[in-house]
Amino acid sequence: RKEVEQDPGPFNVPEGATVAFNCTYSNSASQSFFWYRQDCRKEPKLLMSVYSSGNEDGRFTAQLNRASQYISLLIRDSKLSDSATYLCVVNSRAGGYNKLIFGAGTRLAVHP
Amino acid sequence: ETGVTQTPRHLVMGMTNKKSLKCEQHLGHNAMYWYKQSAKKPLELMFVYNFKEQTENNSVPSRFSPECPNSSHLFLHLHTLQPEDSALYLCASSQNAGRGLALQETQYFGPGTRLLVL
């Protein structure tokens with residue numbers, strides 16, 4: 001089983017739509033969770049951290065369900081500029097050091 | 001923009017060539033990373049350096065040789081690569097990759113080197 005699993009998509013949605021991405025992780029000891037965004041042929045950039053109580057940043061809402069080992073990202077009122085690949089990222093500890101495990105990403109295409 | 005630069009941005013090399021990738025971070029971080037990103041696959045962590053010491057070698061073949069002369073610079077020396085090594089190689093940095101610290105720590109990525117091995 002992959003450590004971090006995501007639906008690869010693509011999700012094709014019209015401007016203004018609400019879209020949700022899901023992610024599951026296998027390591028129950030993971031403590032930190034993130035969503036990164038990667039534009040085509042660019043590097044990943046942090047979109048937002050995910051906190052246990054859920055958190056919101058403008059049109060973006062992230063949720064965490066530790067019992068189900070499940071993370072979600074909701075984007076409201078989609079913009080053309082939201083088109084990108086969204087990477088689910090989970091912290092893992094190995095040998096006492098923290099490292100990030102990346103999902104393969106979910107591709108979003110927002111069309112006019 | 002992110003404070004992490006990588007050179008070259010594109011590289012084409014033959015299987016017998018030797019080349020080096022360079023990464024520099026201007027963020028005052030103590031940890032630096034090499035990742036490999038192949039098409040349709042997740043980022044694969046290759047190496048981690050924390051305060052210039054290698055703390056992770058993720059079963060990377062010896063044809064990839066990292067070097068970290070100081071906390072701001074990271075190199076990846078390439079030798080006798082295979083065509084399947086063609087990928088985007090990303091460097092990243094963070095404040096600290098240390099034990100138990102900064103669980104919410106962000107990694108900042110460079111723009112990557114797109115490598116093609118012929």
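Quick note: numbers below take in every heavy atom, side chains included, and nothing from hydrogens, waters or symmetry partners. A, B, ... follow the sequence lines: proteins, then strands. Residue 1 opens every chain.
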### Query
Measuring heavy-atom distances to chain B, does Q6(A) have an atom under 4.5 Å in its side chain, in its backbone, in both, or in neither?
neither
### Side chain, backbone, both or neither of Q37(B) within contact of chain A (heavy atoms, under 4.5 Å)
side chain
## Note on the structure
The interface call for R41(A) against chain B, heavy-atom contacts under 4.5 Å, is both
### Message
Classify the ring geometry of F34(A) against Y36(A): parallel below 30°, tilted from 30° to 60°, perpendicular beyond 60°.
### Response
perpendicular
#### Entry: Proximity breakdown for L43(B) and chain A, heavy-atom pairs closer than 4.5 Å
both
#### Entry: Between H29(B) and S93(B), a side-chain donor and acceptor under 3.5 Å
yes
### Message
Parallel, tilted or perpendicular: which one describes the rings of F33(A) and Y25(A), with boundaries at 30° and 60°?
### Response
tilted
### Query
Salt-bridged, K52(B) to E67(B), with N to O below 4.0 Å?
no
